[in-house]
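Data block below; observations after.
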Amino acid sequence: MSISIHIPFYNPNPEKKEGYRNLRRFDYLEENVINLKTLSIKNDIFIHTHNDFLDDKNINAKIIKHQISDSDLNKGYLTWKCRSLMEEQKNDYEYFTYLEHDIKFSEVNLQYWLKYQDLLANKGFHLGFFIYEMNNKTNQKHSIHISKKLDKFFEIEGQNFIVNDLENYCCFWIYTKKQFETFLKSKWWSFEKRAHNFRHNYGITERSSIGFHALSMNYFKATLIPEKNNQPHSDSFIEHMTNNYYEKFPDLDKKDYFDIRGACKFQIDEIIIDKENRKKMSDNFILNKLIKNLFWKLRFITRKFN
């Protein structure tokens, strides 16, 4: 088994320190590369950047420097630059990953993916992950992107799965060779179509990270996370190393917000609704998605009459 890992590294102010640990972006990148090289399958790491900062750094990865205008760089288009090389590698690896530099995809996450991926893929589903940050006062982990409790469940071969129909964005993607090849042939790969989650369109960098599994896309029927001990599987959680969202809006009451201002609202053991209020889903995901996409296309008309 082998995996190609591509990381965009936007680093306009190399000595600037960020996050609770007050480290440089390079420090998070270096720590993550060391982490990734401990994965139990052969992996090659490719870091896409825009300046000379990494030239003299001893880092176990191939560095690709891109020529990009300051305007495009500041808008986030560096994240789109990974795709040409990834496409060239389509026959060279079994798995493909795009990963933001401070998303700590670890061995437990890989084994979780390998365990459940085939079961879900064979039935048209995407295996989901959650990104978390730490409350550094209590050491509790908080989910960044889930701002409303998940309440739907679906059963496959006796295993309960949580349906993430709220926000399945998780700052990275990982696909098999078969999935990747289908992705390459789609309009999503070349950014010809704009991905969304039925609430808002994704921005430039988010469109890179959402990959081929945005809620609005039709390749996967839905994103599912296995339930274990009445909670999301513990290995579905991945650390956001910079840890700069938990205290990003200290003066706001997070419960009143369902966008980025509600980030880290719930601890990771609070993101699914109480057992008595859970809804069991039938396999009508495709129809539901078609209806949601129709309402999305008509949203401006419906707003006009509201």
Side-chain angles (χ1 to χ4, degrees), residues 7 9-36 38 99-113 128-151 162 164 166-172 197 199-200 203 205-206 209-210 223 225-275 277-278:
I7 301 173
F9 186 57
Y10 174 60
N11 192 35
N13 302 302
E15 298 307 317
K16 180 183 176 182
K17 296 185 177 181
E18 301 177 330
Y20 180 80
R21 290 193 286 161
N22 199 32
L23 299 176
R24 300 173 301 169
R25 288 189 181 184
F26 172 72
D27 299 321
Y28 295 113
L29 173 68
E30 182 180 41
E31 182 180 326
N32 204 12
V33 168
I34 292 170
N35 158 66
L36 291 165
T38 67
L99 186 74
E100 294 183 7
H101 77 279
D102 56 355
I103 299 299
K104 197 172 184 178
F105 183 82
S106 301
E107 177 66 15
V108 294
N109 308 124
L110 174 65
Q111 292 305 320
Y112 157 84
W113 186 77
F129 291 86
F130 299 107
I131 306 301
Y132 75 86
E133 286 193 352
M134 297 290 293
N135 175 341
N136 291 288
K137 296 177 182 177
T138 66
N139 289 324
Q140 295 293 325
K141 298 174 181 178
H142 289 248
S143 173
I144 294 182
H145 301 110
I146 302 301
S147 57
K148 183 178 179 182
K149 294 195 177 191
L150 302 174
D151 63 356
I162 304 157
N164 184 354
L166 177 69
E167 181 57 90
N168 64 353
Y169 178 84
C170 52
C171 309
F172 89 107
N197 60 7
R199 299 190 313 280
H200 59 77
T205 58
E206 289 81 10
S209 297
I210 195 63
T223 291
I225 301 92
E227 179 192 31
K228 187 175 182 181
N229 299 324
N230 205 36
Q231 291 294 332
H233 196 297
S234 60
D235 296 339
S236 67
F237 290 94
I238 302 176
E239 179 186 1
H240 180 228
M241 299 162 66
T242 305
N243 212 84
N244 58 348
Y245 281 103
Y246 182 80
E247 296 183 359
K248 192 174 181 69
F249 304 101
D251 299 325
L252 298 180
D253 190 343
K254 292 179 183 289
K255 68 179 176 58
D256 295 331
Y257 296 94
F258 299 94
D259 53 17
I260 191 60
R261 293 169 295 181
C264 300
K265 179 188 297 185
F266 298 118
Q267 294 180 27
I268 62 173
D269 60 357
E270 298 174 333
I271 63 175
I272 56 176
I273 205 162
D274 297 336
K275 198 166 187 177
N277 294 312
R278 296 175 188 175

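Numbering of residues begins at 1 and proceeds along the displayed sequence.
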Legend entry - Residue pair S106 / N35: nearest heavy atoms and the distance that separates them: OG-OD1, 3.1 Å
Legend entry - Close side-chain approach of L99 to L36, heavy-atom, < 4.5 Å: yes
Inset, instruction - Please confirm whether the backbone N or O of H145 pairs with a side-chain atom of E167, one donor and one acceptor, at under 3.5 Å? - result: no
Inset, instruction - Check S147 against G262 and note the closest heavy-atom contact, atom names and distance. - result: CB-O, 4.3 Å
Inset, instruction - Might you point out which heavy atoms bring N244 and G19 nearest each other, and give the distance in Å? - result: CB-CA, 4.3 Å
Legend entry - Lys/Arg-Asp/Glu bridge criterion (N-O < 4.0 Å) met for E227, K275: no
Inset, instruction - Would you indicate whether Y20, at its atom OH, is surrounded by more than 12 heavy atoms from other residues, nucleotides or ligands within a distance under 6.0 Å? - result: no
Legend entry - Interatomic spacing from NZ in K104 to OH in Y132 - rounded to 0.5 Å: 7.5 Å
Legend entry - Heavy-atom closest contact (I272 atom, P232 atom, distance): CD1-CD, 4.0 Å
Inset, instruction - Consider only side-chain N and O atoms of T223 and N164, and report whether a donor and an acceptor are under 3.5 Å apart. - result: no
Inset, instruction - Go through the steps for L29 and N11 under the test side chain to side chain contact (heavy atoms under 4.5 Å, CB included), then give the verdict. - result: CA-CA 11 Å; L29 173 68; N11 192 35; over 6 Å; no
Legend entry - Flag side-chain contact, heavy atom, 4.5 Å: K141 against Q267: no
Legend entry - Nearest-0.5 Å distance that lies between atom CD in Q231 and atom CD1 in I271: 8.0 Å
Inset, instruction - Consider only side-chain N and O atoms of E133 and H240, and report whether a donor and an acceptor are under 3.5 Å apart. - result: yes
Inset, instruction - Give the ring-plane orientation class for F129 versus Y112, where under 30° counts as parallel, over 60° as perpendicular and anything between as tilted. - result: perpendicular
Legend entry - Test: E18 and R25 ion pair at under 4.0 Å: yes
Legend entry - Closest contact, heavy atoms only, Y169 versus I210: CA-CD1, 3.6 Å
Inset, instruction - Starting at OH of Y28, measure out to CG of L23 and round the result to the nearest 0.5 Å. - result: 4.0 Å
Inset, instruction - Search all heavy atoms of R278 against all heavy atoms of I273 and return the closest pair with its distance. - result: NE-O, 2.9 Å
Inset, instruction - Examine distances only and state if a side-chain atom of N109 and a backbone atom of F237 form a donor-acceptor pair shorter than 3.5 Å. - result: yes
Inset, instruction - Begin with the C-alpha distance, continue with both residues' side-chain angles, and end with the deciding distance and a verdict on side chain to side chain contact (heavy atoms under 4.5 Å, CB included) for F105 and L110. - result: CA-CA 7 Å; F105 183 82; L110 174 65; 3.9 Å; yes
Inset, instruction - To the nearest 0.5 Å, tell me how far R21 CZ sits from N136 CG. - result: 9.5 Å
Inset, instruction - For the residue pair N135 and Y246, confirm or rule out a side-chain donor-acceptor distance under 3.5 Å. - result: yes
Inset, instruction - Identify whether NZ of Lys or CZ of Arg in K254 sits under 6.0 Å from the centre of the six-membered ring of F266 and within 45° of that ring's axis. - result: no
Legend entry - Check: Q111 side chain, V108 main-chain N or O, donor-acceptor pair, under 3.5 Å: no
Inset, instruction - Hey, could you give me the CD1/NZ distance between I146 and K265, rounded to the nearest 0.5 Å? - result: 10.5 Å
Inset, instruction - Give a yes or no on whether D256 atom CG has more than 12 heavy-atom contacts from other residues, nucleotides or ligands under 6.0 Å away. - result: yes
Legend entry - Distance (rounded to the nearest 0.5 Å) between I131 CD1 and D102 CG: 9.5 Å
Legend entry - Sidechain N-carboxylate O distance under 4.0 Å for E270, K149: no
Inset, instruction - Verify, without hydrogens or angle tests, whether R199 (side chain) and L166 (backbone) share a donor-acceptor contact under 3.5 angstrom. - result: yes
Legend entry - Step-by-step side chain to side chain contact (heavy atoms under 4.5 Å, CB included) determination, N139 to M134: CA-CA 6 Å; N139 289 324; M134 297 290 293; 4.0 Å; yes
Inset, instruction - For residues S209 and E100, determine if any side-chain heavy atom of one lies less than 4.5 Å from a side-chain heavy atom of the other. - result: yes
Inset, instruction - Classify the side-chain pair E107/T38 by whether it contains a donor and acceptor separated by less than 3.5 Å. - result: no
Legend entry - Check: E31 and H101 side chains under 4.5 Å, non-hydrogen atoms: no
Inset, instruction - Decide yes or no for I260 and Y245: does some side-chain heavy atom of the first lie under 4.5 Å from some side-chain heavy atom of the second? - result: yes
Legend entry - Polar contact flag, side-chain donor to acceptor under 3.5 angstrom, H200-N197: yes
